[in-house]
J.: 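Questions regarding the structure given below will be posed in turn.
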Amino acid sequence: MLITSAQAILLQIPIEQRGPQPALYGRPWKTLDTLLLRIETDGGIIGWGEGFGFHGAQAAHSALESLVIPNLIGRDPSQIVPLMNDLQRRLHLYGRTGPVACALSAVDIALWDINGKMAGMPLFRMLGGSTRTHLPAYASLLRTGDAATASRAVEAALKRGFRSLKLHEVELDPVHAARDTAGYDVPLMLDVDCPWSPGDAIEMCRRMGDLELYWLEEPVWPPENYDGIADVRSNGGIPIAAGENAGSAMDFKHLVTAEAIDFAQPSVGKVGGITELRKVVALASAYNVTVHPHSPYLGPALLATLHVNAAAGEDMLVEHLFVEPEATLYGAAVRPFNGSVAVPQGPGLGLEPDLAVIEKYRR
Ligand SMILES: [Mg+2]
């Protein structure tokens, strides 16, 4: 079997605005920008992949079109590991993280989808099998910047049945408001997106001591300051999560051996797809580090995360981005219900994206 064509597809799906305009990396956040990859084979099997999108979707789309897809045509999709190794080597000087890594992640996910479909098996079975039909999910709330809006978002997520929550705030008022609203029985995580020096982060941990955070995520700038994160972990008194910015299993090795994290957060759409995510899961397990993948995805990358989580045989939480997009790719099939999400049971990724949604929101 050979790959005959591949198309990068950029979707922009408006999200419902709750309260003040949310921001993402300093820009207004009005649409969910999703980067899809459709790979076609001469055997008629079509595989779907997804790379991390958001404001970087256009750049990763360009990387797919100009660098990656020309290297894919005519290749054998059944040789996932050799093919991915070859692409990684050919393109390494264009970036081991960022748009190129996101583009390669999309390829790997699509190759796994094709191989699962060829075998007539859902991916979780190809990855070792699982009896789990549902997985625990947490609501990942957008940054609000104010106490009242944070409180309302927490109420909305609890009402939807979520039993653990993550905030994206850097000020303490909204975090205290969220904790007051949720109570102390609900695990509460805080993702600050790399703002502080290690010293400032330790000081912030002291000020947050009474909040009983389940984890503090990415407290230190720059994200690759693993010794700095380790310093915060040993002196801040709050469990630490990080890893969504790590570009490979090798990068995770440095993060883990620096004793920087309690929770590893590889992102399947950034780290190199399912192949690399599995390496990170194995590595973390050897160091007694728990994996909770980063997965604010709408498409194949979300499905890929579900399959890897199911097959890992451990309680890995699914990150559900708590937004209401105007449309979704899989209807209600992977919409969390009472804090858990169903593992797709069809071959490959287990679900096919809604082509009408793709046509409508394609840019
Ligand atoms: Mg994060």
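For ligands, and for the atoms within them, numbers begin at 1 and follow the listed sequence.
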J.: Do we see a donor-acceptor contact under 3.5 Å between the side chains of Ser267 and His294?
T.: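 There is such a pair between these side chains.
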
J.: Between the Mg ion (ligand 1) and Asp191, which N, O or S atom of the residue is the nearest one?
T.: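 Answer by atom name: OD2.
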
J.: Looking only at side-chain N and O atoms, does Asp42 offer a donor or acceptor that is under 3.5 Å from a partner on Thr4?
T.: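 Side chains of Thr4 and Asp42: no pair found under 3.5 Å.
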
J.: Within the side chain of Gln265, is there an N or O that forms a donor-acceptor pair under 3.5 Å with the backbone of Ala242?
T.: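 Here the side-chain-to-backbone pair exists.
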
J.: So, Glu244 and the Mg ion (ligand 1): N/O/S under 2.8 Å, yes or no?
T.: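 A backbone or side-chain N, O or S atom of Glu244 is under 2.8 Å from the Mg ion (ligand 1).
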
J.: Assess, by modelled atom type and distance only, whether the side chains of Arg96 and Gln88 contain a donor and an acceptor separated by less than 3.5 Å.
T.: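 Yes, because at least one side-chain N or O of Arg96 sits under 3.5 Å from a partner of the opposite role on Gln88.
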
J.: From the N, O or S atoms in Glu217, identify the one nearest to the Mg ion (ligand 1).
T.: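 Closest N, O or S atom of Glu217 to the Mg ion (ligand 1): OE2.
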
